[in-house]
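Accompanying notes for the structure given below.
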Amino acid sequence: MDEASKRLFSPADPETLFTDLSEIGHGNFGAVYHAKYKNNGEVVAIKKMSFAGKNRDEKFDDIKKEVQFIRQLRHENCVRYISAHLNNNTAWLVMEYCLGSASDIIEVLKAPLKEVEIASIIHGALRGLAYLHSMNFIHRDLKAGNILLTESGCIKLGDFGSASLASPANSFIGTPYWMSPELITAMEDGVYDGKTDMWSLGITSLELAETKPPLFHMNAMSALYHIPQDPPPRLQQPDRWSRDFCQFVERCLQTAPAERMSSEAGLGHPFMTRDRPASTVLDLIARSVRAVQSSNTAQNFRRGRKILIGAG
Ligand code: ATP
Ligand code: MG
Ligand code: MG
């Protein structure tokens, strides 16, 4: 391994540092664990990413990119990096612990969120995005599943595995249903910038209001065809929501990036600046905890377990 890569990882053996690992989430890379420091009991989240087997070098490059990205971030709306380690062809990315994602909350409640809850979550995510964009970074995988909630009611962007340290960019990366028209067509004609995240933020707003992103009933390939072709989606029941919310979604979901609002402009939109009770996110977490406790289905228990681990 080259010197630059070595410097990304702490020489300390993570097996000796952490204890009580229990799985709270997983993806194609491996799994995320709730764990504690052996010495002081402090709680952390650990994302273990294996780079064994086929495409070992590519996998390790992706892991290095994610570590390189997250270790530069210093913002209250981005998940805080703690350390990174190597152990048996597996990288351990140690981060601040969050209770779960906005998507976990929807799964547990099995219902759309209230407008004031949506505004709070979107506001936290947007502050994180504005910070990333001010550094000329792009997140590229914004969706409810990558917006995390902490026990103290903070909203954090997570999952920087698809993020770009440069803008503009042109790679095809992200999760299909949340991808912007220009990101989908970039392989043929050009580049995209931070505005792509604003499209995903608009789609995430619809996801929080309607539990699923538009086109979710289709397979991913069909969705990728429709996104750049169709008129942009809007809230399905505009009468249920305030004018400010409907208009905020419209300002995010403009097909032409030049017509779309920037993250900085978004922070000044009335949907974001409007007063909200300070306890909105904590109340939402309490509501979700009650929903997990009163349900006894195995599936809900699995989803809710991570919400209960910290809040219980
Ligand atoms: P995707 O498959 O969406 O690309 P991923 O596989 O790259 O995701 P992450 O999104 O980083 O992985 O993490 C997977 C899941 O683990 C998250 O959706 C979340 O539920 C949980 N998780 C991730 N980071 C944390 C954290 N810091 N604290 C608590 N839970 C977390
Ligand atoms: Mg993710
Ligand atoms: Mg990811």
Inset, instruction - Evaluate the side-chain hydrogen bond (donor to acceptor under 3.5 Å, both in side chains) criterion for residues Lys143 and Thr175: first the C-alpha distance (whole Å), next the side-chain angles of each, then the deciding distance (0.1 Å), finally the verdict. - result: CA-CA 8 Å; Lys143 53 181 178 177; Thr175 312; 3.1 Å; yes
Legend entry - Gap between atom CZ of Arg260 and atom CD of Gln254 - 0.5 Å precision: 8.0 Å
Inset, instruction - Can you establish whether the number of heavy atoms outside Asn88 located under 6.0 Å from its atom CG is more than 12? - result: no
Inset, instruction - Identify whether Val191 and Leu165 are in the same connected component of the hydrophobic contact network (ILVMFWY, side-chain heavy atoms under 4.5 Å). - result: no
Legend entry - pair His226-Gln229: side-chain heavy atoms closer than 4.5 Å: no
Inset, instruction - Indicate the atoms forming the closest heavy-atom contact of Cys78 with Leu132, along with that distance. - result: SG-CD2, 4.3 Å
Legend entry - Under-4.0 Å salt bridge between Asp159 and Lys47: yes
Legend entry - Arg240/Glu115 ion pair, N-O < 4.0 Å: no
Legend entry - Student check: side-chain heavy atoms of Lys156 and Cys154 closer than 4.5 Å: yes
Inset, instruction - Locate the shortest heavy-atom distance separating Gly153 from Leu282; write the atom from each residue and the value. - result: N-CD2, 3.7 Å
Inset, instruction - Nearest 0.5 Å please: distance from the CZ atom of Phe172 over to the CZ atom of Arg140. - result: 11.5 Å
Inset, instruction - Would you give the length of the straight line joining atom CD1 of Ile82 to atom CE of Met95, rounded to the nearest 0.5 angstrom? - result: 9.0 Å
Inset, instruction - Kindly assign one of parallel, tilted or perpendicular to the pair Trp178 and Phe216, based on the angle between their ring planes and the thresholds 30° and 60°. - result: perpendicular
Inset, instruction - Kindly determine whether His269 and Phe248 satisfy ring pair (Phe, Tyr, Trp, His ring centres under 6.0 Å), including the steps that lead there. - result: CA-CA 7 Å; His269 191 281; Phe248 180 85; 5.3 Å; yes
Legend entry - Heavy-atom closest contact (Met272 atom, Arg276 atom, distance): O-NH1, 3.2 Å
Legend entry - Flag, side chain of Ser120 to backbone of Val116, donor-acceptor distance under 3.5 Å: yes
Legend entry - Donor on one side chain, acceptor on other, Ser167 and Asp193, under 3.5 Å: no
Inset, instruction - Check whether any side-chain heavy atom of Tyr81 lies under 4.5 Å from a side-chain heavy atom of Leu73, and answer yes or no. - result: no
Legend entry - Side-chain donor/acceptor of Glu210 to backbone N/O of Gln236, under 3.5 Å: yes
Legend entry - Heavy-atom donor-acceptor pair, Ser164 side chain to Ala166 backbone, under 3.5 Å: yes
Legend entry - Backbone of Ala256 reached by a side-chain donor or acceptor of Glu259 within 3.5 Å: no
Legend entry - Asp197 side-chain N/O to Ile138 backbone N/O, donor-acceptor pair under 3.5 Å: no
Inset, instruction - Please determine if Lys59 and Asp62 form a salt bridge, counting it only when a charged side-chain N lies under 4.0 Å from a carboxylate O. - result: no
Legend entry - Joint hydrophobic cluster, Val94 plus Val67, side-chain heavy atoms closer than 4.5 Å: no
Legend entry - More than 12 heavy atoms from other groups under 6.0 Å of CG on Asp275: no
Legend entry - Worked check of side-chain contact (heavy atoms from CB on, under 4.5 Å) between Ile121 and Thr280: CA-CA 9 Å; Ile121 292 171; Thr280 303; over 6 Å; no
Inset, instruction - Report the distance from atom CG of Leu142 to atom CH2 of Trp199, rounding to the nearest 0.5 Å. - result: 14.0 Å
Inset, instruction - Give a yes or no on whether the backbone of Ile155 and the side-chain of Asn77 come within a donor-acceptor separation of less than 3.5 Å. - result: yes
Inset, instruction - Taking all heavy atoms of Ile63 and all of Ser50, pick out the closest pair and write down the distance. - result: CD1-O, 4.3 Å
Inset, instruction - Consider only side-chain heavy atoms of I, L, V, M, F, W and Y, link residues closer than 4.5 Å, and tell whether Ile173 and Met179 are in one cluster. - result: yes
Legend entry - Nearest-0.5 Å distance, CD1 of residue Ile70 to CG of residue Leu157: 10.5 Å
Inset, instruction - Could you please spell out the steps behind the side-chain contact (heavy atoms from CB on, under 4.5 Å) verdict for Cys246 and Arg234? - result: CA-CA 8 Å; Cys246 296; Arg234 298 287 179 251; over 6 Å; no
Inset, instruction - Compare all side-chain heavy atoms of Lys212 with those of Glu207 and state whether any distance is below 4.5 angstrom. - result: no
Inset, instruction - Would you mind reporting whether Asn170 and Met187 have side-chain heavy atoms less than 4.5 Å apart? - result: no
Legend entry - Verdict with reasoning, Arg127 to Leu267, per side-chain contact (heavy atoms from CB on, under 4.5 Å): CA-CA 7 Å; Arg127 290 188 59 194; Leu267 288 173; 3.7 Å; yes
Legend entry - Cluster check Leu109, Leu206: I/L/V/M/F/W/Y, side chain < 4.5 angstrom: yes
Inset, instruction - Please examine the side chains of Lys36 and Val44, heavy atoms only from C-beta on, and report whether any two atoms are closer than 4.5 Å. - result: no
Legend entry - Single hit among Phe160, Phe69, Tyr131 for ring pair (Phe, Tyr, Trp, His ring centres under 6.0 Å) with Phe137: Phe69
Legend entry - Heavy atoms from other residues, nucleotides or ligands near CD of Glu15 exceed 12 (cutoff 6.0 Å): yes
Inset, instruction - Tell me, please, whether Tyr33 has Lys48 positioned over its six-membered ring: NZ or CZ under 6.0 Å from the ring centre and within 45 degrees of its axis? - result: yes
Inset, instruction - Assess the side chains of Asp104 and Ser101: does a donor N or O sit below 3.5 Å from an acceptor N or O? - result: yes
Legend entry - Arg80 side chain to Glu76 backbone, donor-acceptor under 3.5 Å: no
Legend entry - Whether Ser222 side chain and Met218 backbone form a donor-acceptor pair below 3.5 Å: no
Inset, instruction - Flag the pair Leu8 / Arg71 as yes when at least one side-chain heavy-atom distance between them is below 4.5 Å, and no otherwise. - result: yes
Inset, instruction - Can you see which heavy atom on Leu235 is nearest to which on Pro238, and at what distance? - result: O-CD, 3.6 Å
Inset, instruction - Keeping the roles fixed (side chain from Thr196, backbone from Tyr192), state whether a donor-acceptor pair exists under 3.5 Å. - result: no
Inset, instruction - Assign the ring pair His85 / Phe18 to parallel, tilted or perpendicular, where the plane angle (0 to 90°) is split at 30° and 60°. - result: perpendicular
Inset, instruction - Please say whether more than 12 non-hydrogen atoms of neighbouring residues, nucleotides or ligands are located less than 6.0 Å from NZ in Lys64. - result: yes
Legend entry - Leu148/Val79 under side-chain contact (heavy atoms from CB on, under 4.5 Å): CA gap, chis, key distance, verdict: CA-CA 8 Å; Leu148 305 174; Val79 168; 3.6 Å; yes
Inset, instruction - Could you grab the distance from atom NZ of Lys195 to atom NE2 of His133, nearest 0.5 Å is fine? - result: 10.5 Å
Inset, instruction - Look at the side chain of Ser205 and the backbone N and O of Leu201, then say whether any donor-acceptor pair between them is shorter than 3.5 Å. - result: yes
Legend entry - Non-hydrogen side-chain atoms of Val281 and Ile285 separated by less than 4.5 Å: yes
Inset, instruction - Is it possible for you to say whether Phe271 and Leu113 belong to one hydrophobic cluster, with membership spreading through side-chain heavy-atom contacts below 4.5 Å? - result: yes
Legend entry - Minimum heavy-atom distance between Gly266 and Leu126, given as atom pair plus value: C-CD2, 3.5 Å
